Protein chains: 4
Amino acid sequence: MKRFNCDYQEAAHPRILVRLARTNMDQMPGYGEDEVCDAARARIRALCAAPEADVQFLVGGTQANFTLLAAALRSYQGVLAAQTAHIAVHETGAVEATGHKVLTLPPEDGKITAAQVDAACAAHYADEAHEHMVMPKAVYISQATELGTIYSRAELEAMRAVCDRWQLYLYVDGARLGYAMAAEGCDVDLPALARLADAFYIGGTKQGALFGEAMVIRNDALKRDFRYVIKQKGGMLAKGWLLGMQFDELLRDDLYFELSRHAVRLAMKLRAALTEMGVPFLLDSPTNQQFPILPDVVLAELGREFSYSYQCRVDESHSAVRLCTSWATTEEDLDALIEELWRLLVQ
Amino acid sequence: MKRFNCDYQEAAHPRILVRLARTNMDQMPGYGEDEVCDAARARIRALCAAPEADVQFLVGGTQANFTLLAAALRSYQGVLAAQTAHIAVHETGAVEATGHKVLTLPPEDGKITAAQVDAACAAHYADEAHEHMVMPKAVYISQATELGTIYSRAELEAMRAVCDRWQLYLYVDGARLGYAMAAEGCDVDLPALARLADAFYIGGTKQGALFGEAMVIRNDALKRDFRYVIKQKGGMLAKGWLLGMQFDELLRDDLYFELSRHAVRLAMKLRAALTEMGVPFLLDSPTNQQFPILPDVVLAELGREFSYSYQCRVDESHSAVRLCTSWATTEEDLDALIEELWRLLVQ
Amino acid sequence: MKRFNCDYQEAAHPRILVRLARTNMDQMPGYGEDEVCDAARARIRALCAAPEADVQFLVGGTQANFTLLAAALRSYQGVLAAQTAHIAVHETGAVEATGHKVLTLPPEDGKITAAQVDAACAAHYADEAHEHMVMPKAVYISQATELGTIYSRAELEAMRAVCDRWQLYLYVDGARLGYAMAAEGCDVDLPALARLADAFYIGGTKQGALFGEAMVIRNDALKRDFRYVIKQKGGMLAKGWLLGMQFDELLRDDLYFELSRHAVRLAMKLRAALTEMGVPFLLDSPTNQQFPILPDVVLAELGREFSYSYQCRVDESHSAVRLCTSWATTEEDLDALIEELWRLLVQ
Amino acid sequence: MKRFNCDYQEAAHPRILVRLARTNMDQMPGYGEDEVCDAARARIRALCAAPEADVQFLVGGTQANFTLLAAALRSYQGVLAAQTAHIAVHETGAVEATGHKVLTLPPEDGKITAAQVDAACAAHYADEAHEHMVMPKAVYISQATELGTIYSRAELEAMRAVCDRWQLYLYVDGARLGYAMAAEGCDVDLPALARLADAFYIGGTKQGALFGEAMVIRNDALKRDFRYVIKQKGGMLAKGWLLGMQFDELLRDDLYFELSRHAVRLAMKLRAALTEMGVPFLLDSPTNQQFPILPDVVLAELGREFSYSYQCRVDESHSAVRLCTSWATTEEDLDALIEELWRLLVQ
């Protein structure tokens with residue numbers, strides 16, 4: 001079985017294992033207060049052109065999301081997000097479990113717009129009964145989105161302006177941030193993101209690390225006592241240096257970006273091949289997640305050797321599925337997938 | 001100003017004040033563990049034909065809703081409800097503040113169907129990633145709904161069957177239960193509701209009491225330790241007998257039903273008059289809340305003497321508003337409203 | 001049975017019922033945004049010499065406590081309180097249910113000291129692992145305390161100074177505030193309290209109202225959006241004017257203070273009588289709650305006609321109990337109690 | 001600097017790194033639903049002689065504790081624990097953040113007794129106002145305790161009996177379970193623990209793993225839907241097999257027990273040496289944490305080359321500190337520590 005159903009199916013880039021093996025028995029202080037974490041922090045601040053940013057390392061994405069939002073919101077405040085947002089559908093209500101409502105907006109291709117956020121806030125404050133409704137106080141978006149699409153710099157500038165108008169925090173889930181930045185036409189780099197978002201995380205789990213996400217906080221109000229919240233929410237790894245070390249390694253020598261480009265190049269190769277075969281897509285994704293619409297009979301056959309992730313039914317005999325590449329996907333495996341699709345669809 | 005914007009603008013039916021005055025200095029034990037509450041409980045059990053039901057008194061509707069749901073749900077479970085449900089839009093995220101997601105379904109005229117609930121549950125358990133999603137464990141409906149519509153007995157039977165299939169609690173918000181039962185064609189009486197719902201409350205605040213709601217619990221799993229939850233959530237009134245006394249009085253000599261019929265009769269008179277004037281309605285409500293669509297210029301004029309509740313914009317020059325009657329509305333005031341509408345719309 | 005076990009066993013002072021009856025059918029806007037509430041607010045601000053204070057009405061004490069603390073604390077912050085504090089022992093973990101730890105300190109006669117708070121904060125910040133511990137951010141005290149004792153102005157000044165040093169909110173539970181102010185030697189009046197506390201409530205439930213507590217907020221940070229929190233936590237009474245009206249009435253013509261003095265006078269009469277009989281007390285209370293230590297055999301006998309509240313075992317054959325007077329206690333009933341005690345203890 | 005301040009200062013036992021390197025690019029399904037995790041589960045069930053136990057892997061101890069307790073408790077229920085319990089003092093109120101009170105009992109040498117738990121429950125249910133108090137529903141103990149002491153089998157049998165009497169869950173925090181089992185005289189092995197506790201975890205972080213704890217659940221009520229709770233609380237690692245692999249490796253060929261014995265042997269050597277030097281201890285610990293009482297001047301000097309963890313002041317010139325050994329401590333480093341102590345104390 002060759003797995004294309006998600007992008008976290010191998011352990012870590014070999015350089016991380018080498019680094020780990022080299023330093024395995026070094027004695028380190030706990031909880032991310034060590035020089036390796038500090039080195040990774042410095043590297044991230046430099047890459048983000050954000051010398052005053054606070055950088056904290058968390059174990060996983062769900063944890064990163066609800067921890068940041070719990071730190072940001074007062075009890076009666078909620079977070080605006082797409083109906084397809086990871087926090088809205090695939091975190092078992094983790095945000096609600098910290099007491100906060102996810103206020104969903106209907107997305108287009110996984111994205112929400114500044115205009116939607118503006119309208120939601122305007123409607124809230126215009127309502128006489130607004131004290132009876134959850135106050136919007138943050139916006140959650142993901143880059144790339146859960147559907148592989150990306151926000152442009154202009155879109156983020158507009159979102160920032162709306163957030164400023166209504167005093168909202170702008171938080172960006174960067175589980176696949178590298179894959180977004182590697183997409184053709186993506187004009188949002190780390191400095192741009194650091195300038196526009198109040199907080200965001202640089203994903204490690206799906207991008208070459210064993211595990212771990214690097215939260216970058218620009219807004220001082222969110223920095224304050226954030227480590228207390230991490231500890232309380234279960235995200236403070238005793239051996240914090242394990243997280244710092246991975247980011248220090250990934251962000252050295254362009255490795256993170258190189259791995260991201262690799263995955264996206266393969267995804268584009270897959271997209272081109274499928275397009276050539278006449279396969280339509282649920283939507284146009286420039287990143288490592290592709291959502292082709294395939295005949296159910298083909299899917300049944302394909303699934304014998306290649307794993308995919310079921311997305312949704314499209315019509316009586318067709319479904320959309322997700323196929324992911326990652327830093328670990330080999331050209332060989334991708335070619336095998338394309339060949340098999342060719343065999344099933346064209347021949 | 002004559003107020004038709006909501007149905008809780010006068011204090012209480014005079015009989016309640018008389019009863020209060022008569023017993024004012026009687027010494028009573030606290031927290032609803034007194035003979036007056038017990039008498040009210042017995043009366044409610046008898047009216048519901050539910051001798052084993054647990055009856056507890058709470059101060060208000062929002063409190064009743066989140067207290068019951070907090071008692072019913074484990075941390076990862078949520079409640080299915082209409083997008084227009086009171087718990088979804090007008091309780092400042094009270095349910096989420098107890099940690100639980102409100103899983104919304106698109107309603108028709110404020111109502112959701114057994115088929116929708118069935119489909120939502122089927123989709124949940126069919127999804128491979130269901131552990132990553134909030135588990136549906138309860139259904140919240142309101143009778144009458146926030147839009148004045150009512151569920152038929154057949155609809156509730158169907159909902160009950162679906163709840164049994166998926167092991168869901170069926171909880172009914174009865175803030176306006178009397179007005180629902182007084183509606184023409186309503187075939188859901190108290191025994192039917194007590195048979196079909198796991199828990200529901202009989203509304204007092206909008207139905208002639210100073211304040212208070214009577215929670216009726218049929219399901220043993222919800223009865224257990226429910227008073228601990230009431231206390232923890234701030235709903236255990238020190239002078240609990242004040243609540244019991246009001247229900248004991250309202251439910252004596254048919255008063256509760258009589259007051260409900262009065263309000264609905266006036267609402268139907270208003271509906272007939274508006275219909276005669278050619279006014280369309282947002283939807284067809286058989287209860288005390290009416291949602292006519294009126295020209296904005298008429299609304300501006302009308303608002304000088306009569307209060308209404310703004311509902312939504314319908315087109316460039318028309319809006320839907322809510323006009324409520326209640327146990328306290330006088331025929332005189334309603335006639336004045338009709339006359340004014342006639343003057344503004346027809347003459 | 002004559003009841004002395006608590007101070008909320010009668011409904012309300014007759015003037016409140018008269019006022020209620022007089023205005024019963026007046027139409028009022030909901031949720032405490034009405035002129036009666038505003039009049040009560042103005043009266044409270046004037047009595048507190050705090051023209052800029054925010055005043056909000058809540059239904060009960062537990063609700064008032066956790067609502068205020070939920071508004072004050074971020075997720076990782078807790079509240080310092082006596083081990084005997086109502087929030088620590090008799091609210092079914094209501095504060096914890098909003099996510100916050102009650103950090104208890106060993107009290108003397110129900111009171112904690114500025115020095116204790118200072119030491120707790122110093123210890124917290126001196127600990128290298130302070131991020132692993134709940135940060136103290138508020139102090140909860142009650143005036144009078146759960147044991148009937150009172151804080152002096154000097155004690156509150158010292159507490160204020162410590163709160164300023166460590167940036168803590170000082171919150172005072174005033175369920176029995178009138179009885180405290182009526183105590184001999186009490187030098188903390190409303191203006192003093194309003195000057196020294198960030199927030200406190202003036203108790204109604206135990207002080208002549210049907211129900212209700214008036215929260216007075218001095219600190220701007222606590223005022224912000226407080227009504228959202230009230231609504232979310234279930235404390236926003238639909239017919240809010242019922243609360244405002246009661247405080248408007250109680251605080252007119254010195255009634256609140258007069259009723260408080262009455263209760264304390266009777267309590268002092270009881271204390272003197274018991275002392276004369278040679279009865280020791282658990283502690284010295286100058287307010288309406290008295291804690292005599294009586295032989296168990298006497299208590300068994302006494303309980304036939306007079307209710308008391310069991311406090312704790314003192315030795316093999318003696319227990320401390322609580323006897324309360326209130327605004328509603330009659331001289332007659334108190335004399336009967338004294339006479340019965342005399343009969344049981346002396347004769 | 002040689003570090004003895006805690007037992008999680010090196011990464012992992014080399015065998016874990018070897019295993020990781022060997023399988024690094026194997027494609028695995030996510031979230032702990034893979035054959036490596038299943039193999040580890042089988043191994044654990046066998047070692048525990050508990051074929052029907054549910055085994056789930058979590059990232060860290062704080063997370064394991066609050067996740068299990070959140071799954072176990074209803075909103076008004078709390079957990080009994082020692083005042084020195086990790087959940088009571090060093091998890092930033094993580095349990096309270098899930099809404100539950102930690103009901104503390106005064107420990108002796110870090111341990112609480114069955115009699116204390118029995119008395120607490122008896123007092124709760126005997127109190128007329130028990131609905132106003134948090135209901136005890138679970139007992140949390142740690143083996144070894146935070147102070148290095150251990151529970152005997154007889155003590156756990158007694159605790160189990162009390163838990164059965166009051167329908168409490170018995171939950172054991174096994175962060176240092178291996179070190180406990182390696183202690184001289186410890187008669188609680190894995191089968192005994194699995195028989196007596198409703199749930200416990202086998203610690204990995206402090207016992208040779210990079211990170212991770214293995215939760216073993218015996219009680220069916222706690223098994224149900226536990227994975228939903230893990231996901232919601234942020235503890236479901238995407239690459240779950242990383243956790244399973246570590247436990248599979250540690251628990252193979254007696255490695256876990258061997259490493260534990262190593263640490264305890266060194267700790268006993270340290271204890272003997274200190275005793276020989278006439279150093280008193282805060283308490284008698286048979287496990288890898290030792291708490292000697294040393295002159296402050298010696299501590300200042302010692303700290304130049306050897307790290308320790310400050311515990312508490314004992315008198316004006318002496319403090320207790322914690323010195324830990326672990327699976328990674330070398331005999332060489334320990335001898336250096338003893339030598340330095342000898343130099344400072346004796347020479």
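Quick caveat: nothing in here was measured; it's all calculated off a predicted structure. In what follows, chains are A, B, ... by sequence order, proteins preceding strands, each numbered from 1.
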Nearest heavy atoms of Met25(A) and Ala12(D), plus distance in Å: SD-O, 4.2 Å
message: If I measure from the heavy atoms of chain D, does Leu17(A) come under 4.5 Å with its side chain, its backbone, both, or neither?
response: side chain
- prompt: With a 4.5 Å heavy-atom cut-off, do Leu334(A) and Phe4(A) have their side chains touching?
  reply: yes
May I have a table of the donor-acceptor pairs connecting chain A and chain D at distances under 3.5 Å?
{"unit_1": "Arg3(A)", "atom_1": "N", "unit_2": "Gln27(D)", "atom_2": "OE1", "d": "2.8"}
{"unit_1": "Arg3(A)", "atom_1": "O", "unit_2": "Gln27(D)", "atom_2": "NE2", "d": "3.4"}
{"unit_1": "Tyr8(A)", "atom_1": "OH", "unit_2": "Tyr31(D)", "atom_2": "OH", "d": "2.6"}
{"unit_1": "Gln9(A)", "atom_1": "O", "unit_2": "Met28(D)", "atom_2": "N", "d": "2.9"}
{"unit_1": "Glu10(A)", "atom_1": "O", "unit_2": "Lys239(D)", "atom_2": "NZ", "d": "3.3"}
{"unit_1": "Glu10(A)", "atom_1": "OE2", "unit_2": "Gln27(D)", "atom_2": "NE2", "d": "2.8"}
{"unit_1": "Ala11(A)", "atom_1": "N", "unit_2": "Asn24(D)", "atom_2": "O", "d": "2.9"}
{"unit_1": "Ala11(A)", "atom_1": "O", "unit_2": "Lys239(D)", "atom_2": "NZ", "d": "2.8"}
{"unit_1": "Ala12(A)", "atom_1": "N", "unit_2": "Asn24(D)", "atom_2": "OD1", "d": "3.0"}
{"unit_1": "Ala12(A)", "atom_1": "O", "unit_2": "Asn24(D)", "atom_2": "ND2", "d": "2.7"}
{"unit_1": "Asn24(A)", "atom_1": "O", "unit_2": "Ala11(D)", "atom_2": "N", "d": "2.9"}
{"unit_1": "Asn24(A)", "atom_1": "OD1", "unit_2": "Ala12(D)", "atom_2": "N", "d": "3.0"}
{"unit_1": "Asn24(A)", "atom_1": "ND2", "unit_2": "Ala12(D)", "atom_2": "O", "d": "2.6"}
{"unit_1": "Gln27(A)", "atom_1": "OE1", "unit_2": "Arg3(D)", "atom_2": "N", "d": "2.8"}
{"unit_1": "Gln27(A)", "atom_1": "NE2", "unit_2": "Arg3(D)", "atom_2": "O", "d": "3.3"}
{"unit_1": "Gln27(A)", "atom_1": "NE2", "unit_2": "Glu10(D)", "atom_2": "OE2", "d": "2.8"}
{"unit_1": "Met28(A)", "atom_1": "N", "unit_2": "Gln9(D)", "atom_2": "O", "d": "2.8"}
{"unit_1": "Tyr31(A)", "atom_1": "OH", "unit_2": "Tyr8(D)", "atom_2": "OH", "d": "2.6"}
{"unit_1": "Thr62(A)", "atom_1": "OG1", "unit_2": "Lys231(D)", "atom_2": "NZ", "d": "2.8"}
{"unit_1": "Gln63(A)", "atom_1": "NE2", "unit_2": "Gly234(D)", "atom_2": "O", "d": "3.3"}
{"unit_1": "Thr92(A)", "atom_1": "O", "unit_2": "Gln232(D)", "atom_2": "NE2", "d": "3.0"}
{"unit_1": "Thr205(A)", "atom_1": "O", "unit_2": "Lys239(D)", "atom_2": "NZ", "d": "2.8"}
{"unit_1": "Ala209(A)", "atom_1": "O", "unit_2": "Lys239(D)", "atom_2": "NZ", "d": "2.6"}
{"unit_1": "Lys231(A)", "atom_1": "NZ", "unit_2": "Thr62(D)", "atom_2": "OG1", "d": "2.8"}
{"unit_1": "Gln232(A)", "atom_1": "NE2", "unit_2": "Thr92(D)", "atom_2": "O", "d": "3.0"}
{"unit_1": "Gly234(A)", "atom_1": "O", "unit_2": "Gln63(D)", "atom_2": "NE2", "d": "3.3"}
{"unit_1": "Lys239(A)", "atom_1": "NZ", "unit_2": "Glu10(D)", "atom_2": "O", "d": "3.2"}
{"unit_1": "Lys239(A)", "atom_1": "NZ", "unit_2": "Ala11(D)", "atom_2": "O", "d": "2.8"}
{"unit_1": "Lys239(A)", "atom_1": "NZ", "unit_2": "Thr205(D)", "atom_2": "O", "d": "2.8"}
{"unit_1": "Lys239(A)", "atom_1": "NZ", "unit_2": "Ala209(D)", "atom_2": "O", "d": "2.6"}

- request: Would you please name every residue forming a ring pair (Phe, Tyr, Trp, His ring centres under 6.0 Å) with Phe247(A), sequence neighbours left out?
  value: Phe57(A)
field: Interface moiety of Ala209(D) toward chain A, non-hydrogen atoms closer than 4.5 Å
entry: backbone
Nearest heavy atoms of Leu222(A) and Ala199(A), plus distance in Å: CD1-CB, 4.2 Å
task: Check each atom of Leu237(D) against the heavy atoms of chain A and say whether the ones under 4.5 Å are side chain, backbone, both or neither.
output: side chain
query: Under a 4.5 Å cut-off applied to non-hydrogen side-chain atoms, are Leu302(D) and Val321(D) in contact?
result: no
Atom group of Leu58(D) that falls short of 4.5 Å from chain A, counting heavy atoms: neither
message: Under a 4.5 Å cutoff for heavy-atom pairs, which residue among Gly234(A), Ala11(A), Cys6(A) has the most contacts with chain D?
response: Ala11(A)
- request: Begin with the C-alpha distance, continue with both residues' side-chain angles, and end with the deciding distance and a verdict on side chain to side chain contact (heavy atoms under 4.5 Å, CB included) for Phe226(A) and Met215(A).
  value: CA-CA 11 Å; Phe226(A) 186 60; Met215(A) 184 70 74; 4.2 Å; yes
- line: Shortest non-hydrogen pair, Gly212(A) vs Leu243(A), comes out as CA-CD2, 3.6 Å
task: Between chain A and each of Val18(D), Leu210(D), Val229(D), Val59(D), count heavy-atom pairs under 4.5 Å; write down the option with the most.
output: Leu210(D)
query: Got a sec, which residues hit ring pair (Phe, Tyr, Trp, His ring centres under 6.0 Å) with Phe211(D), two or more places apart in sequence or on another chain?
result: Phe211(A)
message: Please classify the contact between Met1(D) and chain A as side chain, backbone, both or neither, with a heavy-atom cut-off of under 4.5 Å.
response: backbone
statement: In short, Gly244(D) meets Ala40(D) closest at the heavy-atom pair O-CB, 3.3 Å
- request: Return the option, out of Gly60(A), Gly93(A), Gly235(A), with the maximum number of heavy-atom pairs under 4.5 Å with chain D.
  value: Gly93(A)
- request: To the nearest 0.5 angstrom, please state how far the CG atom of Leu69(A) sits from the CD1 atom of Ile87(A).
  value: 5.5 Å
